[in-house]
**Student:** 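Provided herewith is a single structure, encoded as structure tokens, for subsequent inquiry.
One is the number of the first residue; the rest follow in order along the sequence.
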Amino acid sequence: MTRMNNIRQRGRDFLLFFSFGASILVQGDYVDDSYCGNNKNSKEETLPGQVKCGRSYQSPWAALQDANAEFIDYNEEGEKVLENGEAYRARDFFRTAIVQDPSKPHVWENLAKSAHIYCKEVLQTGVYMKENGIHPEEECLHALREAIAACDVVVLLGNDAGTDLKEELVETFELYYPYDCVSENCEEYERLMTALELESRRRHVNAVNTACPSERSLHVKFSKWEKSFGLVSGETMRKILILMRICGLVLLEKVLDTVAIQEIHADVQKEFQRLLTHLNDKNIDLNATWYESNASSRGGKRFETKFPLRQPYMSPGFFASPFVIWTVKTQLELRVELDTFSAVTSLPGSDNQTWHRDVPEILESPYSSNSTFGPGGAIYSKPHALVVVTPLHKFSREAGFTQFYLGSHVSMSEDDFAPSDLGPGQLPKTPRLALPISFGSAVLFDVRLIHRGIENNSTSNRAISYMSFVQEWWSDTVNFKSQQTRNFDELPVIGLKKLFRRLDHQKYISDLEKLIREHGLQDKLYELQAESEYVPSNLHI
């Protein structure tokens with residue numbers, strides 16, 4: 001009984017988190033309120049291969065926004081519906097299961113299967129859901145494209161079962177649509193699949209130059225129906241996964257609540273002025289290198305300041321956008337934590353940074369200049385952290401952007417991705433792009449990607465947010481220093497300080513709590529501490 005209660009509680013926790021993030025779908029300035037029947041005078045739209053918005057049965061994904069609803073395994077429910085011969089309805093359940101966890105390949109596989117079963121039947125018999133109002137050939141053109149993309153997602157998530165299913169789907173598609181492309185955007189599809197084939201043959205540099213030759217190739221724009229329904233399509237997810245794997249980053253257009261960001265920026269400006277006053281009082285050079293617990297310099301008139309855990313920073317439209325969270329889940333799965341939650345402010349006159357990774361590589365590259373795979377040889381491994389960067393205000397090109405060395409997240413010889421400036425006449429192996437990010441959009445990049453902030457030639461500060469989503473077993477010990485006890489200073493060698501840094505920090509907290517009690521402030525300590533009990537291994541997003 002206890003185990004069942006735990007499962008139900010986890011379900012309610014998920015629903016609460018989803019509704020927390022999905023609430024931005026009806027906030028901010030990017031949602032088209034006239035879409036999908038919200039305006040009685042507008043034409044009703046449909047999901048590709050789906051029924052109208054006003055369908056006769058309740059959409060299962062609508063229940064996800066009810067935080068008090070009982071947890072439902074929508075993949076399991078979809079399988080039951082599919083067994084009952086209702087492939088058409090089963091797709092709704094599998095789409096909803098993808099919202100629950102887009103990192104599970106078997107759910108994407110079920111979505112593809114249900115679309116295939118339904119379309120084979122209606123294309124052969126001509127019998128279809130009359131309430132849809134769409135001719136079956138038109139409906140299944142979209143549905144089969146979606147299913148083929150879902151198969152690619154299955155493979156990209158590490159399950160080869162998608163390969164055989166895709167062959168069956170392509171055979172059905174070519175039978176009924178011999179003159180159509182298997183993707184809504186044929187040119188982009190062919191380019192990305194060619195890049196994926198090059199990557200599979202460990203021709204990484206060639207793959208990067210094929211997949212992401214320009215700034216626009218890194219953009220992902222979610223469709224109106226994806227935003228209106230809070231869903232992500234197979235074609236969109238396939239593009240995200242390929243770009244993250246090969247190029248190391250993706251730009252998600254208009255996925256954050258701009259109203260919340262404006263409030264955050266106003267508060268960041270106030271806090272930053274306090275920091276400048278503090279530095280001035282301590283006679284600290286703005287170009288100097290220094291570290292504190294909540295702020296640090298980043299060189300060349302750049303400063304990183306941690307966000308306080310309060311409003312407006314805790315706005316779901318800022319850090320819990322479903323479109324960002326889904327991308328994070330596909331890269332890091334469910335046991336994810338926020339490690340860095342901060343703003344980086346560059347003053348006017350700040351210089352180009354040197355090319356760098358934000359943290360050292362966890363493992364040294366297994367390749368050297370005499371790699372058995374030859375030049376460009378590499379094997380991709382999933383990241384241990386993703387960084388989300390978004391502008392906190394609108395700024396001009398003169399203010400500068402972040403520049404990325406595409407593909408440099410994959411370990412190769414130093415000759416291929418040297419984190420340094422190029423000499424006269426030298427060209428980079430892959431594009432080095434300074435990526436403009438529009439207000440309300442976000443760049444997600446692999447923490448291993450080489451990049452740099454470029455100079456601010458404007459007359460105003462440039463402020464961006466920096467959020468790192470990380471695997472629970474990893475933390476950034478490079479960019480901020482933790483508080484230590486006085487005894488830490490007395491450790492005789494650097495090796496001992498490194499060895500005991502984490503344990504000494506825990507003792508620092510314990511000593512502070514002891515000091516609070518000794519001063520008769522036990523009640524204040526009790527108010528500060530969390531009351532809820534939790535099991536760390538049960539936590540997930």
**Student:** Determine, stepwise, if the pair Arg95 / Ser114 fulfils side-chain hydrogen bond (donor to acceptor under 3.5 Å, both in side chains).
**Tutor:** CA-CA 11 Å; Arg95 282 188 182 278; Ser114 60; over 6 Å; no
**Student:** Can you tell me if Glu226 and Thr236 form a side-chain donor-acceptor pair at under 3.5 Å?
**Tutor:** yes
**Student:** Between His393 and Phe395 (judged by ring centroids, cut-off 6.0 Å), do the two rings come close enough to count as a pair?
**Tutor:** yes
**Student:** Does Gly453 offer a backbone N or O that forms a donor-acceptor pair with the side chain of Thr402 under 3.5 Å?
**Tutor:** no
**Student:** Quick check on side-chain hydrogen bond (donor to acceptor under 3.5 Å, both in side chains): which of Lys113, Glu139, Glu86, Arg91 does Tyr118 satisfy it with?
**Tutor:** Glu139
**Student:** Aromatic rings His204 and His409: how do their planes relate, parallel, tilted or perpendicular, breaks at 30° and 60°?
**Tutor:** perpendicular
**Student:** Is there a donor-acceptor contact under 3.5 Å linking the side chains of Ser233 and Glu235?
**Tutor:** no
**Student:** Determine whether a donor-acceptor pair (N or O, by modelled atom type, separation under 3.5 Å) exists between the side chain of Arg452 and the backbone of Thr354.
**Tutor:** no
**Student:** Within the distance-only criterion (no hydrogens, no angle test), does the side chain of Asp339 pair as donor or acceptor with the backbone N or O of Val470 below 3.5 angstrom?
**Tutor:** no
**Student:** According to the interplanar angle, ranging from 0 to 90°, do the rings of Trp326 and Phe323 count as parallel (below 30°), tilted (30 to 60°) or perpendicular (above 60°)?
**Tutor:** perpendicular
**Student:** Relative to each other, are the rings of Phe341 and Phe318 parallel, tilted or perpendicular (30° and 60° limits)?
**Tutor:** tilted
**Student:** May I have the step-by-step check of salt bridge (Lys or Arg N to Asp or Glu O under 4.0 Å) for Glu188 and Lys239, ending in yes or no?
**Tutor:** CA-CA 9 Å; Glu188 179 181 82; Lys239 181 177 180 179; 2.8 Å; yes
**Student:** Are Arg432 and Trp355 in a cation-pi setup, meaning NZ or CZ lies under 6.0 angstrom from the ring centre and within 45 degrees of the ring axis?
**Tutor:** yes
**Student:** So, using salt bridge (Lys or Arg N to Asp or Glu O under 4.0 Å) as the criterion, who are the partners of Lys104 when residues are at least two apart?
**Tutor:** none
**Student:** If you count heavy atoms of other groups shown closer than 6.0 angstrom to NZ of Lys394, is the number above 12?
**Tutor:** no
**Student:** Taking NZ, NE, NH1 and NH2 as the nitrogens, is one of them in Glu197 or Arg201 under 4.0 Å from a carboxylate oxygen of the other?
**Tutor:** yes
**Student:** Decide whether Glu253 and His219 meet the rule of one side-chain donor and one side-chain acceptor closer than 3.5 Å.
**Tutor:** yes
**Student:** Looking at Leu141, is its backbone amide N or carbonyl O close enough to the side chain of Tyr177 to form a donor-acceptor pair, meaning the two atoms are under 3.5 Å apart?
**Tutor:** yes
**Student:** Would you say Lys429's side chain and Asn209's backbone share a donor-acceptor pair under 3.5 angstrom?
**Tutor:** no
**Student:** Donor-acceptor pair, Ser321 side chain versus Leu256 backbone, under 3.5 Å?
**Tutor:** no
**Student:** Can a donor-acceptor pair be found, under 3.5 Å and without considering hydrogens, that links the side chain of Ser468 to the backbone of Thr340?
**Tutor:** yes
**Student:** I'd like to know if Lys329 and Asp101 make a salt bridge, using a cut-off of under 4.0 Å between side-chain N and carboxylate O.
**Tutor:** no
**Student:** Would Arg245 and Glu199 pass as an ion pair if we require N to O under 4.0 Å?
**Tutor:** no
**Student:** Spell out, as yes or no, whether a donor-acceptor pair under 3.5 Å connects the side chain of Ser408 to the backbone of Ile450.
**Tutor:** yes
**Student:** Can you tell whether the side chains of Glu83 and Lys80 come within less than 4.0 Å, N to carboxylate O?
**Tutor:** no
**Student:** Looking at Tyr74 versus Phe94, is the centre-to-centre ring distance below 6.0 Å?
**Tutor:** no
**Student:** Check for a donor-acceptor pair, side chain of Gln403 on one end and backbone N or O of His451 on the other, with a separation under 3.5 Å.
**Tutor:** no
**Student:** Using atom types as modelled and distance alone, determine if a side-chain donor or acceptor of Asp358 lies under 3.5 Å from a backbone N or O of Val447.
**Tutor:** no
